[in-house]
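Each remark here refers to the structure printed beneath this line.
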Number of protein chains: 2
Amino acid sequence: MDNICKVCGIKSTAANLLSNEEVEEMSSNCALIPFAKGEQVIRQGVFSTNIVYLRSGLAKIHIHGPYYEQIVRIVKAPSYMGLPTTIGDKINQYSVTVIEDSEVCFINLETFRSFLKENTDFGYQIMMELCQSELELYQCCSNRTQKQMRGKIADVLLDFADRIYCSDTFHIPITQEEFGNLIDASRESVSRVLSEFEHDGIISTDGRKIDILNKKLLLKIGENG
Amino acid sequence: MDNICKVCGIKSTAANLLSNEEVEEMSSNCALIPFAKGEQVIRQGVFSTNIVYLRSGLAKIHIHGPYYEQIVRIVKAPSYMGLPTTIGDKINQYSVTVIEDSEVCFINLETFRSFLKENTDFGYQIMMELCQSELELYQCCSNRTQKQMRGKIADVLLDFADRIYCSDTFHIPITQEEFGNLIDASRESVSRVLSEFEHDGIISTDGRKIDILNKKLLLKIGENG
DNA sequence: GTATCTTTGTGATATAAATCACATGCCTTT
DNA sequence: AAAGGCATGTGATTTATATCACAAAGATAC
């Protein structure tokens, strides 16, 4: 059996705390699988059977709402996906779908659990990551509801530029419909505000391609709601 | 030194997994303090220095938003408060204020950390609780934005009845202004919908006292948004 | 017990954003 | 290359809810 995890250059911070024997054990209980844009990795409502690690690519976390499928957030690799729903609850409480071609590692849940129980450094690191993502959710909660559309759209554009693509020129990886579901707005409103931003010289667009021209103003719009 | 934690009848599930020696150590590094309604236990923006355990009472978790202080959720004792912001980040990312007279245990952070590192059962249990609260936040996120006022108000009333007070008759522990901040609505709208519910015979009110008369209908309003 | 502040109730008006409607553009499939 | 389907742009209209305004009722302080 080849020890694929050992040679993997993009292991998680937690996995780097595992011993050689543990890495080997992980390797034997882990599968690296390519996912094409649009394929679903975790499905809300079904049993969770594996830990999911997004090795490369980009994914959206989404959840059934009363009216539409709400996109809660967009996660960039490398990152575990859905830890709380996998280790905390038997049934997935939300879905994860890849929005760019990605690589996903499926790690056997029992193997992962045994690391948690036996390697306290590993457990501690995973716990820190859970804490971090919970804190981000709190932020999410208050921004989502108090800001108005222009502010929320500005925030998302800045998030793409700064966190996801690390460039002021990028390609929006979701449709305007999904963009709306991410910020709780209608597709039409997203389109209108984007046009408005372009008209005001804040961005330039070419299809899904976005160029941020006046970042300072965009930041200000984001702050003021 | 008296071992107050040993005789405490409402220890957390995690604390019940500690050894006698550990309980004794916790006892020596822990203070039980009464809090009066309205007093703040955790303040956003300052250093976190202790683990906070709400032993009895009721508290609200709130966070600065761009326009108002958003109440994220209401937590009933017994429960740890603000674990992610205490162990995950040095600076509190949100505030916790007691909304009924309560008892709070402050546990030394380093003591708690040492339990996490040395007692894997304890650590595992804390991790499960973190997972659980993160999942609740996801739910929060989608309900908060997709439902309209009547639905959100119905949900909160049902939550008070079923989770918080376990009775269809109860006293609302927050002002209508705060009620609004919890569901992202204006104070006036809350007042209006409550009047409406009373007029429709769904609830009866006497000041802050609420009696749920038609729970089935309330559930339906909550579901339909 | 009176005065002051806070909380609540309710009408009138304003407004952000949804919805509806339809045109246009773009990708994919054959 | 044509056809069909999905994604986008933009105007007109509707609607839920905020905001404004003020009165009444409770709570708290003096």
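Chain identifiers are assigned alphabetically (A, B, ...) following the order of the sequence lines, protein sequences preceding nucleic acid strands; residue numbering begins at 1 within each chain. Remember, it's a predicted structure, so these values are computed and weren't measured experimentally.
A straight line from CD of Gln176(A) to P of dT19(C) spans 16 Å, rounded to a whole angstrom. The interatomic distance linking Tyr67(B) (OH) with dT15(C) (C1') rounds to 14 Å, in whole Å. Nucleotide dG9(C) holds its P atom 13 Å from the CD atom of Glu196(B), rounded to whole Å. Atom pair Ile172(B):CD1 and dT6(C):C1' shows a separation of 17 Å (rounding to whole Å applied). Atom OH in Tyr68(A) sits about 12 Å away from atom C1' in dA17(C), given to the nearest Å. Separating the CZ atom of Arg187(A) from the P atom of dG25(C) is a distance of 15 Å, rounded to the nearest angstrom. With rounding to whole Å, Glu198(A) atom CD is found 14 Å from dT8(D) atom P. Rounded to whole Å, atom C1' of dG9(C) lies 16 Å from atom CZ of Phe179(B).
Residues Leu109(A) and Thr49(A) come closest through the heavy atom pair CB-O, 3.6 Å. Taking all atoms of both residues into account, the shortest heavy-atom contact from Cys141(B) to Cys141(A) is SG-SG, 4.0 Å. When all heavy atoms of Thr13(A) and Glu129(A) are compared, the closest pair comes out as CB-OE2, 4.1 Å. Taking both residues in full, the closest heavy atoms of Ile71(A) and His62(A) are given as CA-CB, 4.0 Å, listed atom of the first, atom of the second, then distance. Taking each heavy atom of Glu100(B) and Pro173(B) in turn, the nearest pair found is OE2-CB, 4.1 Å. Of all heavy-atom pairs spanning Asp168(A) and Ala161(A), the tightest one is OD1-CB, 3.8 Å.
Note: Phe160(A) and Phe170(A) have tilted aromatic rings, judged against thresholds of 30 and 60 degrees for the angle between ring planes. A tilted orientation is assigned to the rings of Phe106(A) and Phe35(A), their planes being inclined by 30° to 60°.
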Could you pull out every donor-acceptor pair under 3.5 Å between side chains of residues 200-208 of chain B and any protein atom, sequence neighbours left out?
| unit_1 | atom_1 | unit_2 | atom_2 | d |
| --- | --- | --- | --- | --- |
| Thr205(B) | OG1 | Glu198(B) | OE1 | 2.8 |
| Thr205(B) | OG1 | Glu198(B) | OE2 | 3.4 |

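Taking CG of Leu83(A) as the start and CE of Met127(B) as the end, the distance is 9.0 Å to the nearest 0.5 Å.
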Report each atom pair, protein N/O against N/O of nucleotides 27-30 of chain C, whose distance is under 3.5 angstrom.
none

What protein N or O atoms touch nucleotides 15-19 of chain D N or O atoms at under 3.5 angstrom, if any, and at what distances?
| unit_1 | atom_1 | unit_2 | atom_2 | d |
| --- | --- | --- | --- | --- |
| dT17(D) | OP1 | Met149(B) | N | 3.1 |
| dA18(D) | OP1 | Ser186(B) | N | 3.3 |
| dA18(D) | OP2 | Ser186(B) | N | 3.3 |
| dA18(D) | OP2 | Ser186(B) | OG | 3.1 |
| dA18(D) | OP2 | Ser189(B) | OG | 2.4 |
| dT19(D) | O4 | Arg192(B) | NH2 | 2.9 |

Interface polar pairs with nucleotides 28-30 of chain D, N/O, under 3.5 angstrom:
none

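Under the salt bridge (charged side-chain N to carboxylate O under 4.0 Å, His left out) criterion, the residue pairs touching residues 47-59 of chain A are Arg55(A)-Glu103(A), with sequence neighbours excluded.
Among the heavy atoms of the strands lying under 4.0 Å from Ser191(A) is at least one base atom, whether or not backbone atoms are also near.
Residue Thr175(B) places its side chain closer to dT7(C) than to any other of dT10(C), dT8(D), dT7(C).
Using a 4.0 Å cut-off on heavy atoms, none of the residues of residues 202-212 of chain A approach DNA chain C.
Of the charged side-chain nitrogens involved, none lies within less than 4.0 Å of a carboxylate oxygen, so that Asp184(A) and Arg144(B) do not count as a salt-bridged pair. Salt-bridge annotation for Asp159(B) and Arg73(B): absent, with no side-chain N of the basic residue lying under 4.0 Å from a carboxylate O of the acidic one.
Taking the six-membered ring where the residue is Trp, the centroids of Tyr80(A) and Phe112(A) are separated by under 6.0 Å.
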